[in-house]
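Here is the naming used below: chain letters follow the sequence lines, and residue numbers restart at 1 for every chain.
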There are 2 protein chains.
Amino acid sequence: MTTSRSGPKLAKIAETIGVSTATVSNALSGKGRVSDELAARIRRKADELGYVASSAGRALRTGRSGVIGLVLPDIANPLFPQIAQAIEHAATQAGYGVLIGDSRGEIGMQTEAIGRLVERGVDGMVVVPRRGTRVIDIDCPVAVIDTPSTPGNTVSADHFGGGELVARHLAALGHRRVLLVGANRESNVQNDRLAGMRSVSELRTETLWLDERWYEAGQGGTLSLAEKMREGFTAIATVSDMQALRALTELQRNGWRIPEDVSVTGFDDLPWTSIITPSLTSVRMDMARIAGIAIEVLCAAILDPAKIDQTDRKTLRAPIQTVAMTLVERNSTAPPPIRDETAFKGELA
Amino acid sequence: MTTSRSGPKLAKIAETIGVSTATVSNALSGKGRVSDELAARIRRKADELGYVASSAGRALRTGRSGVIGLVLPDIANPLFPQIAQAIEHAATQAGYGVLIGDSRGEIGMQTEAIGRLVERGVDGMVVVPRRGTRVIDIDCPVAVIDTPSTPGNTVSADHFGGGELVARHLAALGHRRVLLVGANRESNVQNDRLAGMRSVSELRTETLWLDERWYEAGQGGTLSLAEKMREGFTAIATVSDMQALRALTELQRNGWRIPEDVSVTGFDDLPWTSIITPSLTSVRMDMARIAGIAIEVLCAAILDPAKIDQTDRKTLRAPIQTVAMTLVERNSTAPPPIRDETAFKGELA
DNA sequence: TACGTCTGATTAATCGTTTAATCAGACGTA
DNA sequence: TACGTCTGATTAAACGATTAATCAGACGTA
């Protein structure tokens with residue numbers, strides 16, 4: 001009742017005040033030449049009437065929608081909230097809206113989701129590609145968040161460095177035999193994390209791919225970590241918190257004490273890492289920073305299309321940026337049990 | 001090179017074929033009167049040129065943007081992915097795009113996020129309100145997903161019924177003394193779930209609010225469940241998986257066996273419930289169905305504004321719908337230990 | 001032949017904003 | 001007085017689609 005459903009238009013304000021629409025537009029955007037006094041009067045009238053600019057009108061005229069797309073491999077991914085929140089925040093700061101696109105399920109969905117966003121007229125998009133997927137040419141600027149080793153990547157966390165961090169932490173505690181746990185061989189991110197872990201020379205590692213165990217034993221299958229422990233491993237470094245949780249609860253259930261008997265580490269610092277007992281040592285990525293850079297690069301490309309790499313794909317021509325990860329030490333890591341250390345030393349001699 | 005950056009316009013197609021833009025528009029939308037032969041020719045030309053309609057142009061003319069907003073209390077909420085995915089999917093099916101709005105942090109953020117979406121010209125929005133917040137009048141159709149007891153609610157899971165489900169399950173297993181764990185007294189959802197649990201008369205319950213313990217003991221504080229166990233509780237029914245995980249790991253760490261010594265249940269069926277040991281008995285809501293209904297009602301209101309309740313707020317005038325929850329029985333629940341049952345019987349006599 | 005009807009297509013207005021081009025004065029200066 | 005300059009505002013043309021109104025023929029019928 002108070003404010004009519006379809007708000008007042010620019011012309012309405014112009015009319016009631018007695019000036020041209022151009023002047024109103026200028027006053028509101030602060031662009032043209034309008035006397036301060038009149039500008040103030042217009043602004044006052046505008047929000048007195050509850051004026052809201054028509055985004056369609058503006059978009060049509062300017063050719064920019066003020067909206068960017070966010071494409072995610074699988075929205076149900078537990079890491080997604082962090083990413084979406086960070087991107088949404090950074091985009092809002094930059095004056096953009098965020099349209100989501102879910103590319104779950106079949107691999108073709110990613111292309112399809114991207115297509116839908118383009119149809120909706122996004123000015124650019126941020127893509128977190130599916131594992132092993134490459135983003136194909138898109139008719140607008142695209143910032144890719146994956147991992148430095150992925151071709152076409154724009155910005156990402158230093159997954160390799162994160163792996164190193166974990167491994168060094170375990171090494172410093174005295175661990176020498178560490179069981180690495182991965183989930184998906186095709187994931188660039190996971191491979192980079194594992195490579196980082198393996199790069200720490202003090203450690204003797206072995207990698208357990210969960211996917212294999214998974215299929216062997218069925219979904220409910222356990223990791224059968226007990227035998228690994230007997231082989232002399234004193235720590236388990238996983239490539240994600242989910243797997244760490246899996247390992248931690250399985251070990252605990254079978255009577256192992258964490259971290260006294262065995263240390264466990266995760267990756268990503270999901271929301272529950274601090275509330276479990278023992279709380280989980282993990283590695284966090286600075287999503288706010290990553291999102292900020294992604295949006296910044298993207299906006300630059302939107303404003304200056306020359307920054308788009310024409311020769312290759314429509315990916316951004318900008319230095320690839322890598323953001324350091326940080327180790328979050330909690331209670332799931334500690335020095336290895338004496339027994340094992342002795343055994344290991346004996347083995348060396 | 002092949003397709004110019006700014007795609008061909010409607011007029012371009014009209015020109016190359018030699019007809020009017022109106023005819024092209026009609027042919028593509030299938031609305032006006034166009035001969036089949038010509039329509040086919042136009043369509044062929046259109047996607048030969050890779051024509052993509054300008055959403056701005058269309059939105060301006062039709063007054064509808066084809067985009068709806070999704071406002072969430074806190075994107076970082078672990079339940080968020082499910083919601084977002086379901087809404088995105090349902091909206092896509094209905095031909096709408098989804099613009100996200102995060103109302104994290106201060107309470108005023110919700111209103112602000114909503115405002116931003118309205119400015120962006122959404123045709124309607126789905127709001128999952130903050131705890132205890134009420135959605136104030138918005139200048140477009142709004143579907144609210146919260147809980148049936150919330151005024152203005154449009155559709156939601158039957159949280160009360162879910163609570164009943166858990167409680168009955170425990171009662172059927174033989175439990176009589178159950179410790180209820182909540183996290184936030186202001187949450188309508190949590191209160192409904194707890195009320196449902198308490199409604200099962202076979203159970204004697206007591207409620208532990210996590211927020212109190214939390215502040216008393218600091219963030220790292222444990223739930224001190226050991227003493228509760230000694231008081232004769234044989235099961236812990238929480239109001240969310242997060243708290244169930246918290247309880248489960250704490251008990252396990254202190255040597256209790258789950259489910260042999262004590263049963264634990266969660267709520268929401270988060271992605272990790274099935275991979276922990278023991279896997280967690282939880283209650284799942286049918287988000288796909290809820291989202292489907294929300295979008296359906298919303299679309300109806302968008303197409304027929306008469307469905308908007310003008311007298312009250314701009315909420316939808318539609319029967320409130322409630323979607324049943326389903327119990328997911330896993331390995332964290334079992335009959336109570338003999339010892340306790342005996343003790344309880346003795347207590348009764 | 002004249003008239004109504006139906007079909008297939010066109011004309012032209014419109015949605016609401018932005019912005020380049022223009023204009024009317026005022027003012028200072030030569 | 002005449003001329004350039006500067007300021008504050010206006011004019012009018014887009015932007016790209018949709019759609020009501022109109023029109024030209026073809027055809028059937030009285």
Side-chain angles (χ1 to χ4, degrees), chain A residues 4-43 45-46 49-67 95 118-123 139 303, chain B residues 4-43 45-46 49-67 95 118-123 139 303:
Chain A
S4 62
R5 169 65 187 87
S6 54
K9 330 292 168 196
L10 233 193
K12 181 88 166 193
I13 301 182
E15 188 191 355
T16 63
I17 287 217
V19 293
S20 70
T21 68
T23 302
V24 177
S25 175
N26 283 331
L28 262 29
S29 67
K31 277 186 178 171
R33 289 191 297 217
V34 187
S35 67
D36 293 349
E37 189 265 337
L38 179 55
R41 201 145 57 89
I42 290 177
R43 270 193 298 271
K45 198 72 186 177
L49 296 180
Y51 170 73
V52 178
S54 151
S55 49
R58 173 178 296 150
L60 180 55
R61 174 64 225 238
T62 63
R64 265 172 291 113
S65 62
V67 172
V118 171
E119 281 177 26
R120 287 252 133 67
V122 296
D123 294 336
D139 204 14
L303 298 178
Chain B
S4 62
R5 168 67 188 85
S6 54
K9 329 295 169 194
L10 234 195
K12 182 89 166 194
I13 300 181
E15 188 192 355
T16 61
I17 286 216
V19 293
S20 71
T21 69
T23 302
V24 176
S25 174
N26 283 331
L28 260 31
S29 65
K31 277 186 177 170
R33 288 192 297 219
V34 186
S35 67
D36 293 349
E37 188 266 336
L38 180 54
R41 201 143 58 88
I42 290 177
R43 273 194 297 272
K45 197 73 184 176
L49 295 179
Y51 170 73
V52 178
S54 150
S55 49
R58 172 178 296 150
L60 181 55
R61 176 63 224 241
T62 62
R64 265 172 292 113
S65 62
V67 172
V118 171
E119 280 176 28
R120 287 251 134 68
V122 297
D123 294 336
D139 205 14
L303 297 179

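Whole-Å rounding puts the B/Ile13 CD1 to D/dT18 P distance at 11 Å. If you take CZ of A/Arg120 and P of D/dG16, they are 19 Å apart, rounded to a whole angstrom. For A/Leu10 and C/dT19, the CG to P distance is 12 Å, given to the nearest whole Å. Distance CD1 (A/Ile17) to P (D/dG8): 17 Å, rounded to an integer number of Å.
A/Ser25 places no side-chain N or O within 3.5 Å of a backbone atom of A/Thr21 that could act as its donor or acceptor partner. Remark: the backbone N or O of A/Gly121 is paired with a side-chain donor or acceptor of A/Ser65 at under 3.5 angstrom.
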Each nucleotide N or O in nucleotides 11-15 of chain D that has a protein N or O under 3.5 Å away: list the pair and distance.
{"residue": "D/dA14", "atom": "N3", "partner": "A/Arg61", "partner atom": "NH1", "Å": "3.4"}
{"residue": "D/dC15", "atom": "O2", "partner": "A/Arg61", "partner atom": "N", "Å": "3.4"}

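Here B/Tyr51 reaches the OP1 or OP2 of D/dA17: one of its side-chain N or O atoms lies under 4.0 Å away.
One distance of note links CZ of A/Arg64 with OG of A/Ser55; it measures 14.0 Å at 0.5 Å rounding. Rounding to the nearest 0.5 Å places CG of A/Leu28 at 6.0 Å from OH of A/Tyr51. B/Ile13 CD1 to B/Arg43 CZ: the interatomic distance, rounded to the nearest 0.5 Å, is 12.0 Å.
B/Ser25 comes within contact range of at least one nucleobase, with a heavy-atom separation under 4.0 Å. Residue A/Ala53 is classed as a sugar-phosphate contact, given heavy-atom separations below 4.0 Å to backbone atoms only.
Near-neighbour residues of DNA chain D inside residues 26-41 of chain B, defined by a heavy atom below 4.0 Å, number-ordered: B/Asn26, B/Lys31.
Between B/Ile17 and B/Arg41, some side-chain heavy-atom pair lies under the 4.5 Å cut-off. Taking the side chain as every heavy atom from C-beta outward, B/Arg120 and B/Val67 never approach each other to under 4.5 Å. Considering only heavy atoms from C-beta on, B/Asn26 stays 4.5 Å or farther from B/Arg33 through its side chain. In this structure, A/Val19 and A/Val24 have side chains that are in contact, with non-hydrogen atoms separated by less than 4.5 Å.
The nearest pair of heavy atoms linking A/Asp123 to A/Gly63 is OD1-O, 4.4 Å. The two atoms that bring B/Ala27 and B/Ala39 nearest to each other are CB-CA, 4.0 Å, heavy atoms only.
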- Item | 5'-to-3' dot-bracket of DNA chain C (Watson-Crick, G-U; under 3.5 angstrom; crossing pairs as [ ]; | other strand) | ||||||||||||||||||||||||||||||
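Comparing D/dG16, D/dT18, D/dT10 against the side chain of B/Ser54 picks out D/dG16 as the nearest.
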